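First the structure, in the form of structure tokens, and then the observations on it.
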Amino acid sequence: VPSRTLIESTLYYRQVGARAGLNPEQWGGWWPFLVASLVVYGLGPRMILLALGCWKLRGAAIGVMAGAEGVEEVVDRLRTEVVSTQAIQAEEGVTENAVGGKLLRSGLPAGSYWAVNWGGVELTLDRLKEYFGRYSGCEVIGLDLAGGAGVLDGDASTIQKVGDEPGVDGVIVMVKAWEPPMLEFLDFMSELRAKMGAGRKLVVVMLGFGGEGEIGPPRVGDVVQWRRRLERLDDDALTAMSWGEDS
Amino acid sequence: MDAPVFAVVGHPNKGKSSIVATLAADDSVRIGPEPGTTRHCREYPMTVDHRVLYTLVDTPGFQRSRRAWAWMRQHETTADRHVDVVRTFVEVHRRQSLFSDECELLEPILNGAGILYVVDGSVPYGEEYEPEMEILRWTGQPSMALINPIGSADYVESWRRALGQYFRVVRVFNAVMAEFSKRTELLRGFGQLKEEWREPLEQAVICLEQDQAAKRLRAARVVAETLVVMLSHRIETRTGAEPNLELMRPELEGRFRDELRRFESRCRDRVESVYEHRRIARRETVLDLAEADLFAERTWLAFGLSRRDLVATGALGGAATGAFVDVHLGGASLFAGAAIGAGIGASLAWWTAGRLVSIRVMNLPLGGKAAVAGPSKNPNLPYVVLNRARYHRLRIARRSHAMQEELALPADPHEVLEPLATSTRRELEAVFRKVRRGGDDPSRVGELSPVLERIFAADETAALSAPKTDGGK
């Protein structure tokens with residue numbers, strides 16, 4: 001606040017002969033008041049209004065943002081990294097495996113058979129003779145090995161042997177149904193058929209596993225899978241059956 | 001340094017794709033009973049803001065491993081050249097169909113991928129696996145065998161004995177039953193295969209854990225939004241002046257209940273989407289809303305005015321007229337004129353509002369009756385909805401992406417969930433009360449989400465210590 005002396009001395013500054021008009025230093029005494037006035041009445045209210053405006057604007061913006069659809073997702077994206085573990089290319093269409101061939105016949109036709117143990121199933125010739133003896137008119141004459149971890153030459157010699165075996169009507173191939181039918185097995189079947197000639201009986205017997213290493217009936221799902229794959233061989237003289245199936 | 005790559009290899013149909021589906025949290029992976037479902041390699045990179053930390057490669061299964069192994073044995077020289085023999089095998093047979101599966105699966109391994117060899121631990125070990133294990137050993141790449149027991153029988157020990165001779169690390173990993181913690185544990189295991197893979201895989205695990213927490217928060221928000229909408233939801237049907245509102249009651253209440261159920265179903269879809277489950281078949285008992293006082297009547301007026309608005313306007317008009325009298329009396333009436341005017345105005349407006357309903361201007365009604373259903377006043381509704389949502393979210397968060405079984409949800413799962421703490425209940429009740437008073441204010445979702453996130457985190461902790469059945473409690 002300017003002093004009374006300052007006010008009085010500068011009161012009539014335009015009057016001729018006024019004291020302040022002659023002393024500029026006295027006029028300079030007004031500057032704190034002038035600055036304070038500008039701050040309090042000019043700048044102050046504007047600053048208060050600005051702060052209030054900003055505050056209200058921010059509140060309104062937040063209100064609008066909070067209610068807008070997708071805002072949470074945007075904020076979430078800004079706050080967190082995008083983690084992806086999924087495939088970059090789309091899964092391919094249905095594979096050729098789903099396409100079947102000729103419907104596969106079931107059962108064991110009467111006749112004398114040579115058995116092939118594909119994949120090292122624990123089976124003896126006596127066990128096979130006893131088991132297939134239940135089927136009328138069926139007889140198992142011999143047993144050979146193929147597949148498993150054995151060398152390919154072993155497969156070739158088995159094919160050679162059973163294909164040429166005299167007095168044999170057909171071949172029974174014992175497979176582990178719990179293992180999928182692979183192309184290696186289908187190759188073996190094709191080569192065996194080529195050696196045996198069309199029309200001779202070829203029977204695939206699907207085995208399942210029971211407790212303690214015993215063989216048993218196969219699981220339904222495995223049978224379906226095997227039959228579907230065997231159908232692709234398109235072999236009229238090929239039949240399939242499950243171990244434990246009614247004779 | 002390039003990010004590590006892991007090729008998931010093995011016999012066909014032995015769970016390779018289910019392991020990939022679980023590790024990549026991707027239910028688009030085709031898991032079929034048909035052997036040879038996968039014919040080409042498919043990559044699943046784990047990226048964090050487009051930075052690759054590791055890549056999984058799903059490969060076709062071996063189809064002619066004995067024949068391939070026989071070829072390699074024929075071309076064998078010394079042990080230090082084994083990998084060259086495998087490489088030559090791929091180069092020679094790449095364009096032939098005979099070994100297309102073998103070449104396809106060996107290629108990423110020869111390019112430096114680690115080997116994840118998958119077998120089914122629920123079927124007996126067989127010697128036919130040995131040629132392919134020998135081939136993989138010849139590649140010289142870091143390897144881990146995963147025993148994935150697909151069925152109920154247990155041949156894990158015999159597999160472990162056999163695999164231990166070919167692979168440095170042998171682990172049991174049930175892809176269908178594995179939940180998030182098992183997944184990260186396995187990823188850390190991959191990091192042990194090679195020193196330089198440790199760091200990116202540790203980083204990957206940290207990112208996945210953070211992502212899992214973020215998903216929990218997102219799911220909490222979805223459930224919070226659903227609760228707010230369901231608690232404040234009401235539907236209204238406007239009718240003419242003299243309708244028989246009671247006749248409308250069953251239809252309106254039925255519609256209201258259907259809409260609440262639809263909100264709940266949409267919440268389930270959204271939570272599943274948060275956890276990247278997009279193909280779940282769900283079976284859930286519908287929400288039972290046996291509530292007697294859902295139905296109400298109200299009057300509606302033209303120009304969007306409610307009865308309250310009309311009364312307020314009448315009171316203001318009356319007060320203004322009364323104030324005119326007060327001014328003329330020079331203030332001697334002590335504003336009694338304004339007060340009396342306001343009272344008369346309000347009363348007239350109240351009385352007239354009922355009459356306006358039957359007045360028609362240019363054949364248009366000035367008002368009518370409205371039938372209203374909701375919002376539900378049932379105090380148990382939010383808790384029933386919350387418990388159902390908690391159970392569903394928990395099952396989804398723990399569910400492997402390889403699981404293809406239908407998700408069955410009970411009507412009221414409160415018996416299998418941990419009861420809420422009293423303080424949490426109090427917090428929830430405070431928000432529910434605000435929602436009932438103030439409608440679906442978005443800020444209520446913000447208040448509710450952190451509480452729900454805490455509840456969900458507690459559910460996960462409790463579930464980890466409980467025995468697991470089908471991914472849930």
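Given the structure is predicted, the values throughout are model-derived calculations rather than measurements. When reading the values below, keep in mind they use all heavy atoms of this one structure, side chains included, and skip hydrogens, waters and symmetry mates. Just so we're on the same page: letters track the sequence lines, and every chain starts at 1.
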query = Are any of the side-chain nitrogens in R77(A) or D49(B) under 4.0 Å away from the carboxylate oxygens of its partner?
reply =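 The answer is yes: the pair qualifies as a salt bridge.
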task = Apply side-chain contact (heavy atoms from CB on, under 4.5 Å) to the pair R79(A) and L217(B), showing each step before the final yes or no.
result = CA-CA 12 Å; R79(A) 283 181 184 156; L217(B) 187 58; over 6 Å; no
Could you tabulate the donor-acceptor pairs under 3.5 Å formed by side-chain atoms of residues 179-200 of chain A, not counting sequence neighbours?
unit_1	atom_1	unit_2	atom_2	d
E179(A)	OE1	K14(B)	NZ	3.3
E179(A)	OE1	Y129(B)	OH	2.7
E179(A)	OE2	Y129(B)	OH	2.9
E184(A)	OE1	R66(B)	N	3.4
E184(A)	OE2	R66(B)	N	3.1
E184(A)	OE2	R67(B)	N	3.0
D187(A)	OD1	R64(B)	NH2	3.0
D187(A)	OD2	R64(B)	NE	2.5
D187(A)	OD2	R64(B)	NH2	3.4
S190(A)	OG	L186(A)	O	2.9
E191(A)	OE2	R67(B)	NH2	3.4
R193(A)	NE	D235(A)	OD1	3.4
R193(A)	NE	D235(A)	OD2	2.7
R193(A)	NH1	G197(A)	O	2.9
R193(A)	NH1	R200(A)	O	2.8
R193(A)	NH2	R200(A)	O	3.0
R193(A)	NH2	D235(A)	OD1	3.3
R193(A)	NH2	D235(A)	OD2	3.2
K195(A)	NZ	D164(A)	OD1	3.3
R200(A)	NH1	G163(A)	O	3.2
R200(A)	NH2	V168(A)	O	3.0

ask   = Between E127(B) and G119(A), is there a donor-acceptor pair closer than 3.5 Å when you use the side chain of the first and the backbone of the second?
value =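 Here the side-chain-to-backbone pair does not exist.
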Please look at [X] and chain A and tell me whether the side chain, the backbone, both or neither of the residue comes under 4.5 angstrom of a heavy atom of that chain.
X	result
R73(B)	neither
Q210(B)	side chain
Y155(B)	side chain
S28(B)	backbone
S158(B)	neither
H401(B)	neither

query = To the nearest 0.5 Å, how far apart are CD in E276(B) and CD in Q86(A)?
reply =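 It is 4.5 Å, given to the nearest 0.5 Å.
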key: Euclidean distance, I88(A) CD1 relative to E43(B) CD, rounded to 0.5 Å   =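 Reported value, rounded in 0.5 Å steps: 5.5 Å.
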query = Is the shortest heavy-atom distance from the side chain of L208(B) to the side chain of V83(A) under 4.5 Å?
reply =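 Yes, at least one pair of side-chain atoms sits under 4.5 Å.
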message = Within a 6.0 Å radius of atom CZ on R278(B), are there more than 12 heavy atoms belonging to other residues, nucleotides or ligands?
response =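 Counting neighbours around CZ of R278(B), more than 12 heavy atoms of other residues, nucleotides or ligands fall under 6.0 Å, so yes.
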query = Does E209(B) CD have over 12 foreign heavy atoms under 6.0 Å away?
reply =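 More than 12 heavy atoms, drawn from other residues, nucleotides or ligands, come within 6.0 Å of this atom.
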key: Per-residue contact mode, D155(A) against chain B (heavy atom under 4.5 angstrom)   =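 Just its side chain gets close to chain B.
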inquiry  = If I measure from the heavy atoms of chain B, does W226(A) come under 4.5 Å with its side chain, its backbone, both, or neither?
reply    =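 No part of W226(A) comes within 4.5 Å of chain B.
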At their closest point, which heavy atom of [X] faces which heavy atom of [Y], and how far apart are they?
X	Y	answer
L152(A)	A70(B)	CD1-CB, 3.8 Å
Y54(B)	T85(A)	OH-CG2, 4.5 Å
F209(A)	S122(B)	CZ-O, 3.4 Å
D26(B)	A87(A)	OD2-N, 3.1 Å

inquiry  = Let's test your reading of the structure: which of E128(B), R51(B), M46(B) forms the most heavy-atom pairs below 4.5 Å with chain A?
reply    =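 Most heavy-atom pairs under 4.5 Å with chain A: E128(B).
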